[in-house]
Amino acid sequence: MNYWLMKSEPSVFSIDDLRKVHTTGWDGVRNYQVRNMMRDQMRKGDLAFFYHSSCEVPGVVGIMEIAGPARPDPTAFDPKSKYYDPGSSPEKPRWYLVDVRFKRKLRRVVTLEEMRGEKALAGMQLLKRGNRLSITPVTKKEWDHILSMEKA
DNA sequence: GCCAACGTTGGC
DNA sequence: GCCAACGTTGGC
C-alpha cells in the first residue's frame with residue numbers, strides 16, 4: 001500500500017469538483033516521470049492527498065483513493081482536447097491515467113507554508129527545491145504527520 | 001506578472 | 001551526444 005500526493009489547480013479541477021463526480025480519470029499528465037509512476041507504481045487501493053496548486057493558499061485539501069490500475073489517457077487521442085498528442089494512439093498509447101475516487105475533504109487546508117515549517121516533513125519530495133512533478137510519493141510517516149496537522 | 005528550475009526540442 | 005532555445009510549472 002503506497003501513499004501519494006497529486007497536484008491540481010483548483011481553477012481547473014478542485015477537491016469540490018472531485019466530490020461532485022466522485023470518481024474520475026486523472027487525465028492530462030504529460031510528464032514521463034509522472035506517467036511511469038502511475039503506470040508502474042500506483043496500485044488500486046493506494047491513498048493520495050489532493051493538493052491545490054497555483055492558487056491563493058496552496059496545500060493539501062483532501063484524500064482520495066486510487067480506484068484502478070493505470071490505463072491509456074483518452075484525451076491524448078482527441079484532436080479537440082488541449083491534451084491531444086498525435087504521437088499517442090490507442091494501438092500504441094504514450095500517456096496513461098489512473099482513476100481516483102473521492103474519500104473526504106480535510107477539516108482545513110494543511111498549507112504548503114505550514115508543511116515547510118515541519119521538521120518531520122523536511123525530506124518530503126514535494127518540498128524539495130525545484131520539484132515540479134504533479135504527482136510525488138509520500139511516506140507513511142509523512143502521511144500520518146500531515147493528518148496530525150489537520151487537527152491542530 | 002515575475003522568475004527559478006526544470007523538461008523538451010531540434011540543429012549540428 | 002551536446003547544448004542553446006524554448007516551454008512549463010508553480011510559488012511568490
Side-chain angles (χ1 to χ4, degrees), chain A residues 2-21 24-42 46-66 70-100 102-139 141-150 152:
Chain A
N2 293 313
Y3 298 92
W4 308 95
L5 180 145
M6 301 168 76
K7 296 180 190 172
S8 180
E9 298 184 25
S11 60
V12 177
F13 188 76
S14 72
I15 187 70
D16 290 322
D17 294 327
L18 178 62
R19 183 166 58 177
K20 269 178 234 154
V21 298
T24 192
W26 198 265
D27 60 18
V29 169
R30 296 294 179 267
N31 173 284
Y32 288 103
Q33 267 180 273
V34 175
R35 177 202 70 180
N36 293 347
M37 263 192 289
M38 289 198 294
R39 194 189 52 193
D40 305 333
Q41 291 174 253
M42 290 181 119
D46 285 357
L47 294 177
F49 284 132
F50 195 119
Y51 177 95
H52 279 175
S53 67
S54 292
C55 57
E56 205 168 333
V57 185
V60 174
V61 293
I63 297 175
M64 53 194 170
E65 181 180 351
I66 306 306
R71 59 184 172 90
D73 182 345
T75 63
F77 312 140
D78 177 5
K80 290 189 292 292
S81 169
K82 69 181 255 200
Y83 301 121
Y84 177 58
D85 179 358
S88 187
S89 67
E91 296 74 31
K92 218 167 173 260
R94 176 179 291 170
W95 303 112
Y96 287 78
L97 57 73
V98 290
D99 293 291
V100 295
F102 177 82
K103 291 272 282 187
R104 69 175 181 90
K105 282 179 79 166
L106 298 196
R107 281 156 47 179
R108 64 183 193 86
V109 182
V110 174
T111 69
L112 176 63
E113 189 183 11
E114 283 176 81
M115 290 192 282
R116 285 200 192 283
E118 293 288 314
K119 265 223 176 81
L121 301 179
M124 234 185 131
Q125 195 166 327
L126 171 77
L127 306 180
K128 291 201 175 135
R129 197 170 65 109
N131 167 59
R132 293 175 15 190
L133 298 181
S134 59
I135 301 179
T136 50
V138 173
T139 68
K141 270 180 131 175
E142 292 160 352
W143 180 271
D144 291 341
H145 190 82
I146 288 167
L147 286 183
S148 78
M149 293 169 72
E150 178 191 13

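Chain identifiers are assigned alphabetically (A, B, ...) following the order of the sequence lines, protein sequences preceding nucleic acid strands; residue numbering begins at 1 within each chain.
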- Considering residues at least two apart in sequence or located in another chain, which fulfil the side-chain contact (heavy atoms from CB on, under 4.5 Å) criterion with A/E65?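 Result, side-chain contact (heavy atoms from CB on, under 4.5 Å) vs A/E65: A/L47, A/R101, A/K103.
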
- How would you list, by chain and number, every residue that makes a side-chain contact (heavy atoms from CB on, under 4.5 Å) with A/T24, sequence neighbours excluded?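 By the side-chain contact (heavy atoms from CB on, under 4.5 Å) rule, A/T24 matches A/F13, A/L18, A/V21, A/V100.
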
- Task: Using a cut-off of strictly less than 4.0 Å, decide whether A/R129 has a side-chain nitrogen or oxygen near OP1 or OP2 of B/dA5.
- Result: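 It does, given that an N or O in the side chain of A/R129 lies less than 4.0 Å from OP1 or OP2 of B/dA5.
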
- Message: Rounding to an integer number of Å, can you tell me how far A/E56 CD sits from C/dG11 P?
- Response: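 From A/E56 CD to C/dG11 P: 13 Å.
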
Could I get a table of every N or O pair under 3.5 Å where one atom is in the protein and the other is in nucleotides 7-10 of chain B?
residue	atom	partner	partner atom	Å
B/dG7	OP1	A/Q33	OE1	3.3

- Message: The criterion is salt bridge (charged side-chain N to carboxylate O under 4.0 Å, His left out); which residues satisfy it with A/R116, sequence neighbours excluded?
- Response: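 Testing A/R116 for salt bridge (charged side-chain N to carboxylate O under 4.0 Å, His left out), a comparison that skips the adjacent residues, returns none.
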
Using atom types as modelled, flag every donor-acceptor pair under 3.5 Å from a side chain in residues 90-98 of chain A to any protein atom, sequence neighbours excluded.
residue	atom	partner	partner atom	Å
A/R94	NH1	A/D85	OD1	3.4
A/R94	NH1	A/D85	OD2	3.0
A/W95	NE1	A/D85	OD2	2.7

- Apply ring-ring contact (aromatic ring centres under 6.0 Å, His included) to A/Y51 and list each qualifying residue two or more places apart in sequence or on a separate chain.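 Result, ring-ring contact (aromatic ring centres under 6.0 Å, His included) vs A/Y51: none returned.
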
